[in-house]
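Input: a single structure, listed below in structure tokens.
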Amino acid sequence: MTALAHIGSTGAGAQTPGGPAPEPTKKGGITAYLLLLPGVLWLLVFFVAPMAQLAAVSLQSQFPGYPGYYYRDVNFGSYVTAMTEYLPQFGRSLLFAGSATLLAFVLAYPLAYAMAFKAGKWRGLMMICVIAPFFTSFILRTIAWRQILADEGPVVGALKWLHVMPSSGRITETGFAVVAGLTYNFLPFMVLPIYASLERADPKIIEAGGDLYANGLTTFRRVTLPMSMPGVLAGTLLTFIPAAGDYVNAELLGSDSTKMVGNVIESQFFKVLGGFPVAAALSFTLMAVILALVFVYVRRYGTEELL
Amino acid sequence: MGIFSKSSGAFRDAKGDLILENVTKSFATFTAVDDLSLTVPRGSFFALLGPSGCGKTTTLRMVAGLEQPTAGRIKIGSTDLTGSRPYERPVNTVFQSYALFPHLTVRDNVAFGPKRRGSADPVGEANTTLELVQLSHLADRKPTQLSGGQQQRVAVARALVNHPEVLLLDEPLGALDLKLRREMQVELKRIQMEVGLTFVHVTHDQEEAMTMADTVAVMNLGKIEQMGAPEVLYDLPRTKFVANFLGQSNMLHGTVQGIDGDFTVIGAGDHKVKVRTSRMAPGEGGEAIFGIRPEKTRVHDEAPSATLAGASLGPGTLLDVSFTGVATQYLVDVPGVGRWAVYEQNLDLDRISNKPGDQVWISWNPGHAFGVRS
């Protein structure tokens, strides 16, 4: 690298004798590009190429009479199928992911606030409690929730005993269970960015709110919350985006009537003969919808830091 | 202050002097402020001066309402503010780190207070105050886009716009470089004269305190050591701490050996020096410390005449001579006394003849000496 940079700089010097000014830029430029190279290659091989492949698959047409056989084409029929036949799953994905994001925010903000300002010596322990679940597979943890929320399990039993829930009621195989599972699984992704943004804030700034005639609640609304918006924004994106594409929670905690778009893509890919183009079209449509939502959201609530 | 702390009372529109009565603040392991009583007259520029950890910032935070005293009362005029919350007090703070709201523009930062108090025209008030600190042209910027000095002015404007009865300044110039600090000192003094509010300024910079304040209180270990006009404090320190913290002092530790007319004689070994009895800190006999400011002393090549007995020391060895332009500083080691500094202003064109190693004597006008108790 040093040798390359050196050659680069001598070359520049030779081209512009007596003009040493461009030398540092040239040198810096080459080094910067070399440093970028591994990342660019990685993205090309593992992101750009598969995306191109996926795009090609989504536009393929089926050989009439030969299920499972396709030819290269520019056919948007799969997109039409994706957006007409699977509209309920799309809606459900956005609804479930949105609800889980909202729930996670409501749960995470007080937790992050307590960790940042009130925990004192317990802060480390609280941090471990937030991160510890990652040491177990996320599928295992979701299966565990199926046991906990099972019809004969402790939660349903207690709720029925308290008459909070009718004797025929259940939690698993409902939308509620799926949203609860999504909330649980993505909660740390909400807590950590909010915590980071609160922890970084100068406590004196919050004191300044009180000093300038804002009571506790107003200081929170006008100072603390806006200051933590970068964290809230990051947390909601980190929760909503993967939750909208998730299929494990709906698979393990839901039923046929709670299927999300992720489940459709999964079954189109693995269980339906000739489902590849539709699955690919669904994937692209989901990406486009999420990108559009995120764009609007970030434009509305974002700070300069993110745009 | 928690999120859900309830608004326990209304805004208290107090007017008058700031009064602290026997205020004590104890934390788990130490007492930050120890039975402090003082009165800051309305409209004055008051400085709390002391080393870090002396309790000056804690005192300020108690006036702001950001801390509550363990004991004692804090009043403005006849209104007792003890126990009230920061937002209920007619007091505003300029924080050390400025604590500007990063998500708001300069104008919105300044308009924050007026908005909370339900002003009819918060933006107009903000604009007027930004003019006072000469920042109108930057009103639409975010605080992070400003220099340190500009941020400092915004912090001052954000507090001033509320016309508080007392404005608290917590080492507001600490983060600025020397030149900017001098400019801001003059600027703050100008603003204080213009608006006529009570300013309470916390600082560890003695020069800053003396330049700006009408009254300086020197704090140490949670107590006020001495309080008064800067020139009075400098001329006649009443404790050893003040003599050393406010400027520099040459000292002689000794015992009171008697009275000679208007003077008290302090002796240590062979040395005898005298202090006007009226310039001795109150106290009985025993041990005492003689003090004289370096710029009030002179060096001589020869032993001074007998008329200067009690107002001279020597012989000593000249350790160092440094020429600083307007003055020459000498460092003299006097056996049995220690190292004394002498600052002589270069008022005439005499060349410096003394060299390190020379034998010299030091003399002074006995009326300038002071005595403190050890």
Side-chain angles (χ1 to χ4, degrees), chain A residues 105-122 193-234 298-307, chain B residues 1-12 57 60-61 63-67 84-104 108-119 122 142-145 154-155 158-162 164 166-168 170:
Chain A
F105 170 72
V106 170
L107 291 172
Y109 205 96
L111 180 59
Y113 188 93
M115 278 167 68
F117 297 124
K118 307 282 175 190
K121 59 176 175 170
W122 301 106
I194 296 177
Y195 166 75
S197 69
L198 286 173
E199 202 265 339
R200 201 176 47 186
D202 181 358
K204 290 252 163 66
I205 295 176
I206 295 164
E207 282 185 347
D211 190 65
L212 294 164
Y213 312 106
N215 63 24
L217 193 60
T218 312
T219 300
F220 177 76
R221 277 200 316 128
R222 299 285 178 193
V223 181
T224 317
L225 187 62
M227 272 205 309
S228 61
M229 269 319 278
V232 172
L233 201 74
V298 173
R299 279 297 287 268
R300 172 70 183 77
Y301 295 103
T303 60
E304 305 80 280
E305 282 176 63
L306 277 162
L307 268 185
Chain B
M1 191 166 56
I3 311 177
F4 300 112
S5 56
K6 75 178 200 301
S7 169
S8 58
F11 179 71
R12 302 180 191 193
T57 295
L60 197 80
R61 289 173 62 81
V63 176
L66 298 168
E67 305 273 1
S84 64
R85 299 190 169 280
Y87 53 85
E88 294 162 355
R89 301 184 182 206
V91 172
N92 290 108
T93 309
V94 177
F95 290 87
Q96 185 172 10
S97 51
Y98 316 138
L100 299 176
F101 303 125
H103 57 288
L104 298 179
D108 288 340
N109 260 279
V110 179
F112 190 94
K115 273 184 190 160
R116 300 288 88 73
R117 294 184 58 183
S119 153
K142 290 281 179 72
T144 46
Q145 296 169 300
V154 179
R158 190 178 67 169
L160 273 180
V161 69
N162 305 296
V166 177
L167 184 82
L168 306 174
D170 183 7

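Chain letters run A, B, ... following the sequence lines, proteins first and then strands; every chain starts at 1. Predicted, not measured: the structure shown is a model, and the values here were computed from it. Reckoned from all heavy atoms, side chains included, excluding hydrogens, waters and symmetry mates.
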Does any backbone or side-chain atom of R221(A) lie under 4.5 Å from a heavy atom of chain B? Answer side chain, backbone, both or neither.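 Neither; nothing under 4.5 Å.
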Considering only heavy atoms, which portion of D202(A) lies under 4.5 Å from any heavy atom of chain B: side chain, backbone, both, or neither?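 Just its side chain gets close to chain B.
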Nearest 0.5 Å please: distance from the [atom1] atom of [X] over to the [atom2] atom of [Y].
{"X": "R61(B)", "Y": "E207(A)", "atom1": "CZ", "atom2": "CD", "result": "4.0 Å"}
{"X": "H103(B)", "Y": "I205(A)", "atom1": "NE2", "atom2": "CD1", "result": "9.0 Å"}
{"X": "T219(A)", "Y": "F112(B)", "atom1": "OG1", "atom2": "CZ", "result": "6.0 Å"}

Select, from T93(B), V161(B), L100(B), the one with the greatest count of heavy-atom pairs under 4.5 Å involving chain A.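 Highest number of heavy-atom pairs under 4.5 Å: T93(B).
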If you take all heavy atoms of A208(A) and A99(B), which pair is closest and at what distance?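 Scanning both residues completely, I find the closest heavy atoms to be CB-O, 3.8 Å.
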Identify the heavy atoms of L212(A) and R116(B) that sit nearest to each other, and give their distance.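 Minimum heavy-atom separation between L212(A) and R116(B): O-CG, 3.5 Å.
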Side chain from CB out, backbone as N, CA, C, O: work out which of these in P143(B) comes under 4.5 Å of a heavy atom of chain A, or both, or neither.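 Neither the backbone nor the side chain of P143(B) comes within 4.5 Å of chain A.
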